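Below: the structure, in structure tokens.
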Amino acid sequence: MKITEQEVRRVADLANLALRDDEVARMAHDLDGILTHIDKLNELDTTNVEPMAQVLFDAEETATLREDQERPTLTNAEAVGNAAVTGGGYYKVPRVIER
Amino acid sequence: MSSPLHELSIDSIRAGLLAKKFSAEELTQQSLAYAEAENPQTNAYLTLSPERALAAARAVDAKIAGGEDPGPLAGVPIAVKDVIVTRGLRTTCGSRLLANYVPPYDATAVIRLEQAGGVIIGKTNCDEFAMGSSNENSAFGPVRNPVALDRVPGGSSGGSAAVVAQGTALVSLGSDTGGSIRQPASFCGISGVTPTYGRVSRYGLTAFASSLDHIGPFGKTTRDAARLLEVIAGHDTMDATSASAPVPNYTAALDGKVKGIKLGLPREYFEGLASETADLVMAAVEELKKLGCEVRDVQLPHTSYAVAAYYIIATAEASANLARYDGVRYTTRSASANTLSDMYRQTRDEGFGDECKRRIMLGTYVLSAGYYDAYYLKAQKTRRLITQDFEKAFEQVDAIVAPVSPFPAFKLGEKVKDPISMYLSDIYTITGSLAGIPCMSVPCGLTAGGLPVGLQILTRHFNETTMFRIADAYEKASN
């Protein structure tokens with residue numbers, strides 16, 4: 001096994017996913033298969049290869065900077081309009097700090 | 001009932017409107033009625049937008065009546081994949097989490113096509129957050145392939161391909177991260193284009209894997225797809241990755257002349273290929289030879305590493321991009337959570353489908369402490385090698401011709417239990433995505449069972465013109 005159920009639970013925690021027990025077992029099986037395939041990359045010698053993070057084209061460093069000017073933004077109603085729970089123009093979440 | 005768009009093209013709609021043969025409002029009404037009647041067969045639309053469509057059509061009619069130019073896409077019924085945001089029009093990304101999400105702004109591509117006179121008639125079904133190769137990962141049910149209703153349309157832009165094949169929209173927008181435009185285009189027998197990375201602004205495209213995401217067009221013909229790309233391409237200050245290179249007039253180059261164009265045939269793409277697909281692709285290559293193309297073998301030796309590199313890079317980026325769906329700002333929220341942490345965790349567990357969870361988990365794993373070098377960095381280096389393969393090949397040839405998918409459209413349910421075999425089937429499209437080069441699928445015939453097969457054409461960065469020229473010449477010769 002490339003990945004244990006214990007590791008699956010740890011990663012699910014990092015990803016903020018509350019996996020059910022049956023999901024943990026299935027996830028371990030699926031990830032194991034994928035990671036086994038991914039091992040194929042170890043056949044390649046990449047010692048002096050520059051990593052490629054982006055498809056980059058020639059442009060000046062400032063090419064995407066704009067003038068710092070005021071401009072219209074979303075209204076408060078638009079900004080919170082899709083939230084599940086709001087109040088007083090804010091997003092509401094369960095209480096974080098106990099009094 | 002037959003499609004009101006059956007005999008029409010972008011250019012013939014504009015000509016028909018200007019000659020007053022029909023109005024944009026009439027064509028829109030007919031297209032909406034046809035879409036409504038046909039959609040239960042395929043489930044390709046998630047939302048129809050009659051009010052927005054009719055308002056756009058009336059604006060086109062008013063311009064024509066006033067003697068103004070109605071724009072290059074005047075009156076054209078267009079469908080938009082539901083990962084591309086539309087102001088005031090529900091945009092679900094194929095996810096339960098966004099079942100009620102109504103965006104407060106329009107994507108740049110949407111603004112541009114409406115400014116050009118285009119008429120958005122609806123939003124199309126897709127795999128959840130564009131993750132999948134069969135459209136079976138939508139929270140709103142799979143799309144059926146209009147060519148064969150027991151089969152998938154491909155994915156993730158399955159709905160956008162299906163509506164064009166079905167004739168309920170003339171053209172559509174899709175998104176492509178690892179083949180999500182080209183593969184459904186090949187499965188549904190239409191043209192689908194992944195432009196150069198950065199050619200089309202992604203402002204308003206819901207992010208999946210930001211170093212790989214593209215918006216691109218579908219059309220019945222290459223000319224229609226090229227026309228649509230002309231409108232949506234070009235620099236956008238709202239997308240820092242959008243390219244500033246000028247947009248050529250692609251359609252002006254579609255003169256059918258391909259004599260002397262050098263085509264490369266990568267042997268690596270024909271190993272283990274279903275023979276009917278290989279036969280049809282090779283027949284298309286023969287046809288291009290007859291038209292005067294020179295064909296030679298090229299090598300893309302790192303092809304077999306592409307799937308592994310892709311599923312590291314794409315899932316790593318996705319795990320970060322999908323972190324925003326946490327029950328606070330956009331999404332539905334789990335009703336059972338009492339603490340902040342449980343709210344995040346349960347909202348995401350209840351909201352995401354299996355494929356999204358798998359990719360979030362894989363992406364989180366490869367980025368987690370101790371694994372970064374072994375996975376993510378290794379994949380980025382492999383991406384460089386794959387890109388260099390193309391650079392070397394393009395020193396010898398103008399374009400590469402290849403299959404799109406190892407097999408034609410498969411049956412619904414046939415591959416859902418085996419995610420790895422589904423991933424491996426993306427092999428021929430993932431390479432071009434990693435390199436960020438333009439690539440497209442153009443129909444190259446049917447199997448004995450009547451299923452469409454696509455020919456893939458890949459060219460250098462920003463050389464969409466040569467790609468379109470080859471596809472268009474082949475299309476004309478094979479009809």
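To find a chain, count down the sequence lines: A is the first, B the second, and so on, and within it residues start at 1. Values in this document were obtained by computation on a predicted structure and should not be read as measured data.
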(message) Run E23(A) and D349(B) through side chain to side chain contact (heavy atoms under 4.5 Å, CB included) and show every step you take.
(response) CA-CA 10 Å; E23(A) 287 184 298; D349(B) 186 57; 2.8 Å; yes
Which portion of [X] sits near chain A, non-hydrogen atoms under 4.5 angstrom:
{"X": "I420(B)", "answer": "side chain"}
{"X": "L434(B)", "answer": "backbone"}
{"X": "A374(B)", "answer": "neither"}
{"X": "Y105(B)", "answer": "neither"}
{"X": "F352(B)", "answer": "side chain"}
{"X": "T339(B)", "answer": "backbone"}
{"X": "M343(B)", "answer": "side chain"}
{"X": "D418(B)", "answer": "neither"}
{"X": "Y325(B)", "answer": "neither"}

[X] side chain to [Y] backbone, donor-acceptor under 3.5 Å:
{"X": "R345(B)", "Y": "N16(A)", "value": "no"}
{"X": "R329(B)", "Y": "A79(A)", "value": "no"}
{"X": "R384(B)", "Y": "E50(A)", "value": "yes"}
{"X": "K378(B)", "Y": "L44(A)", "value": "yes"}

Check [X] against [Y] and note the closest heavy-atom contact, atom names and distance.
{"X": "N82(A)", "Y": "N100(B)", "result": "OD1-O, 3.8 Å"}
{"X": "V11(A)", "Y": "M361(B)", "result": "CG1-O, 3.5 Å"}
{"X": "A15(A)", "Y": "I360(B)", "result": "CB-CG2, 3.7 Å"}
{"X": "K40(A)", "Y": "Y305(B)", "result": "O-CE2, 3.4 Å"}
{"X": "I38(A)", "Y": "A308(B)", "result": "CA-CB, 3.9 Å"}

With a 4.5 Å heavy-atom cut-off, do [X] and [Y] have their side chains touching?
{"X": "V55(A)", "Y": "T241(B)", "result": "no"}
{"X": "P94(A)", "Y": "L340(B)", "result": "yes"}
{"X": "L41(A)", "Y": "I312(B)", "result": "yes"}
{"X": "D354(B)", "Y": "M27(A)", "result": "no"}

Atom [atom1] of [X] with >12 non-hydrogen neighbours under 6.0 angstrom:
{"X": "N338(B)", "atom1": "CG", "value": "no"}
{"X": "H37(A)", "atom1": "NE2", "value": "yes"}
{"X": "Q6(A)", "atom1": "CD", "value": "no"}

(request) Return the option, out of K357(B), Q346(B), Q388(B), with the maximum number of heavy-atom pairs under 4.5 Å with chain A. (result)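 Looking at each of K357(B), Q346(B), Q388(B) in turn, K357(B) comes out on top.
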(request) Count the heavy-atom pairs under 4.5 Å between each of T387(B), T347(B), I313(B) and chain A, then report the option with the highest count. (result)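 Highest number of heavy-atom pairs under 4.5 Å: T387(B).
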At a 4.5 Å cut-off on heavy atoms, which part of [X] comes close to chain B: side chain, backbone, both, or neither?
{"X": "V93(A)", "answer": "both"}
{"X": "V80(A)", "answer": "neither"}
{"X": "L31(A)", "answer": "side chain"}

(request) Take V8(A) and Y365(B), measure what side chain to side chain contact (heavy atoms under 4.5 Å, CB included) needs, and give me the verdict at the end. (result) CA-CA 9 Å; V8(A) 168; Y365(B) 178 79; over 6 Å; no
(request) Quick one: which of A83(A), P51(A), A12(A) has the most heavy-atom pairs under 4.5 Å with chain B, could you say? (result)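 Option with the greatest count: P51(A).
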(request) Count the heavy-atom pairs under 4.5 Å between each of L17(A), I3(A), T36(A) and chain B, then report the option with the highest count. (result)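 The candidate making the most pairs under 4.5 Å is L17(A).
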(request) Apply side chain to side chain contact (heavy atoms under 4.5 Å, CB included) to L14(A) and S368(B), showing your working. (result) CA-CA 8 Å; L14(A) 291 173; S368(B) 64; 4.0 Å; yes
(request) Using a strict cut-off of less than 4.0 Å between a Lys/Arg side-chain nitrogen and an Asp/Glu carboxylate oxygen, indicate whether E78(A) and R87(B) qualify as a salt bridge. (result)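 Judged by the 4.0 Å cut-off on N to carboxylate O distance, E78(A) and R87(B) do form a salt bridge.
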